[in-house]
There are 2 protein chains.
Amino acid sequence: MGRGRPRKTDPEQALDTAMKVFWNKGFEGTSMSDLVCATGMAKPGLYACFGDKEALYKKSLTRYFDNLGTPLLDDLEHSTDPLPIVVRRFLETVAHSMLDESCPSGCFVVNSLIEGASQHPALKAIGKEYDQRRRDVFSQRFADAQKNGEIPTQVNAQALADFFAAQSLALGVMGRTGTNEKELSNFIDVALTALPANH
Amino acid sequence: MGRGRPRKTDPEQALDTAMKVFWNKGFEGTSMSDLVCATGMAKPGLYACFGDKEALYKKSLTRYFDNLGTPLLDDLEHSTDPLPIVVRRFLETVAHSMLDESCPSGCFVVNSLIEGASQHPALKAIGKEYDQRRRDVFSQRFADAQKNGEIPTQVNAQALADFFAAQSLALGVMGRTGTNEKELSNFIDVALTALPANH
DNA sequence: AAATATATATACCGAATGGTATTTTATCAG
DNA sequence: CTGATAAAATACCATTCGGTATATATATTT
């Protein structure tokens, strides 16, 4: 086993905790003291494990996306379900995560895009990377759908993909302000009427 | 005229400037020193004119909404144009304000909702008030439209109104991340396909 | 010109910030 | 038991924060 004094807190668990704090309170709104209290790790321990505050924020956002974003995008990319089914599942999963009782703080990526836009180019950059990844998967899936005849050839598949990708931005803001489940559900129902069926 | 030493800076102009700084950098991201530099007013002058930082932020957000939000909602409420025309105009005006070169910082209300959600209940409250006002006007306009036969009786007018009101949230996030004019335009085109015509 | 009123400029305050150096404690290897 | 190692705990640092007290400058009023 290790040679020195044993860890009081598992770093992976500390990162999960830090993620929720940053997610909820933002970068500027979170102090290192907040993180010390929440994680149980002492301040020098945090710096030794994760680097400075910005590095810890980046790792938190990456953890968030690995947990929630990547599985969502994998399903969107690889599921053989019909397009309306898979798009609905995507939006409903996003909406469901907005109601997560353990951290009802909207979408961490959206929060990062908003807060990092002006002052923290590094944070904006990583947020935009994840935002772009989502958009790319939507674009690819909708282009395939048009080739497969799931949507009519005369519609602009790229615009349609961008539209549905952007709906998760609206859901993110709504989730942050406490919109309830029924309203989120209605929102998704209306959004899906913009998806043209091929018949 | 006034009795003492004349003002170096017009408070109204200072408020306009402070609004743009808060809009761009957020509440936590803006220091009083930033505001001193931007407005040209000395720090005690800012406190004498506007109160503390939170009061100045509130006045800035109010100024923003009076300038941009209120005229938009007035048009939505009172215009006799057909519903698709007036909804399109609403969204296009929002999109246009996202491209404003003087302050391309998204929507100040959306930014406030995101940032204020966790730490600053007072800021969240005023943001939600404006958000609610927008939703109320949409609801009323769509309810009227359904009575007037502009939209079919069998659709859920309330859900439709909430959906279009929420599209400005998505536009706000897109505007903050630098989405270009063509993408915003395509987004609006797709969104409007969710508005059922009555024929 | 003297007194008054109002705004500016400067200096300052305690508290909190991000970050680090130092000391103490707990484990394992010999 | 002893010495080495690694983490924890504490104290500390310079800077910046929001906010204010004090002093100075510029105008009007009498």
Side-chain angles (χ1 to χ4, degrees), chain A residues 1-19 21-61 112 115-116 118-123 126, chain B residues 1-19 21-61 112 115-116 118-123 126:
Chain A
M1 283 291 124
R3 206 129 104 118
R5 178 172 172 168
R7 314 191 90 106
K8 198 177 75 172
T9 308
D10 171 33
E12 291 300 303
Q13 196 169 337
L15 182 55
D16 278 330
T17 303
M19 175 192 79
V21 178
F22 275 132
W23 182 4
N24 183 40
K25 302 170 69 162
F27 181 80
E28 301 263 12
T30 300
S31 70
M32 292 306 296
S33 300
D34 292 334
L35 296 168
V36 167
C37 291
T39 62
M41 285 181 72
K43 211 180 339 176
L46 286 173
Y47 279 86
C49 265
F50 304 111
D52 66 8
K53 190 186 180 188
E54 187 172 301
L56 179 51
Y57 186 93
K58 282 192 205 175
K59 284 169 180 162
S60 298
L61 185 51
S112 299
E115 188 190 358
S118 61
Q119 295 282 77
H120 301 282
L123 306 187
I126 183 171
Chain B
M1 282 296 122
R3 203 130 103 108
R5 177 171 174 169
R7 316 190 91 108
K8 197 177 76 171
T9 308
D10 171 33
E12 292 299 303
Q13 196 170 337
L15 182 55
D16 278 329
T17 303
M19 176 193 79
V21 178
F22 274 133
W23 182 3
N24 183 41
K25 301 170 70 162
F27 181 79
E28 301 261 14
T30 300
S31 70
M32 293 306 294
S33 300
D34 291 334
L35 297 168
V36 168
C37 291
T39 61
M41 287 181 71
K43 214 187 323 184
L46 286 173
Y47 278 86
C49 265
F50 304 111
D52 66 7
K53 189 186 180 186
E54 186 172 303
L56 178 51
Y57 186 94
K58 280 193 205 173
K59 285 170 180 162
S60 298
L61 185 52
S112 298
E115 189 190 356
S118 60
Q119 296 281 77
H120 301 281
L123 306 188
I126 182 172

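So you know, we letter chains A, B, ... as the sequences are listed, proteins then strands, and number each from 1.
With hydrogens and angles ignored, a donor-acceptor pair under 3.5 angstrom links the side chain of A:K43 to the base of C:dG19.
Mapped onto DNA chain D by nearest heavy atom, B:R5 and B:E54 fall at different nucleotides, with B:E54 at the one closer to the 5' end. Comparing B:D34 and A:A42 against DNA chain D, the residue whose closest nucleotide sits nearer the 5' end is A:A42. Nearer the 5' end of DNA chain C, as judged by each residue's closest nucleotide, is the contact made by A:M32, out of A:P44 and A:M32.
Put simply, NZ on B:K25 is 14 Å from P on D:dT16, counting in whole angstrom units. Counting to the nearest Å, the C1' atom of D:dT16 and the CG atom of B:L35 are 15 Å from each other. Atom-to-atom, CZ of A:F50 to P of C:dG18 comes out at 16 Å; the value is rounded to the nearest Å. Taking atom CD on B:Q119 and atom C1' on D:dC17, their separation rounds to 16 Å, with Å as the unit. Across the protein-nucleic acid pair, A:L46 atom CG and C:dG19 atom C1' stand 12 Å apart, rounded to whole Å. Look at CE on B:M41: it is 16 Å from C1' on C:dT10, rounded to the nearest Å. Nucleotide C:dT22 holds its P atom 18 Å from the OH atom of A:Y47, rounded to whole Å.
The side chain of A:K8 sits closest to D:dA8 out of D:dG18, C:dA26, D:dA8. Closest contact between the side chain of A:P6 and the listed nucleotides C:dG18, D:dG18, C:dA26 involves C:dA26. Side-chain atoms of A:K53 lie closest to C:dG18 of the nucleotides C:dG18, C:dT8, C:dA26. When each of D:dC17, D:dA7, C:dT17 is scored by its nearest atom to the side-chain atoms of A:S31, the top-ranked nucleotide is C:dT17. Listed nucleotides: D:dA8, D:dG19, C:dG18. Nearest to the side chain of A:R7: D:dA8.
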> Can you check side-chain contact (heavy atoms from CB on, under 4.5 Å) on A:E28 and A:H120, steps first, answer last?
Replying inline: CA-CA 10 Å; A:E28 301 263 12; A:H120 301 282; 2.9 Å; yes

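Checked by atom type and distance alone, the side chain of B:D16 never pairs as donor or acceptor with a backbone atom of B:Q13 at under 3.5 Å. The main-chain N or O of A:F50 is found under 3.5 Å from a side-chain atom of A:K59 such that the two form a donor-acceptor pair. A side-chain donor-acceptor contact under 3.5 Å links B:K53 to the backbone of B:F27.
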Donor-acceptor pairs under 3.5 angstrom involving side-chain atoms of residues 36-47 of chain B: please list them, not counting sequence neighbours.
| unit_1 | atom_1 | unit_2 | atom_2 | d |
| --- | --- | --- | --- | --- |
| B:T39 | OG1 | B:L35 | O | 2.6 |
| B:T39 | OG1 | B:M41 | N | 3.1 |

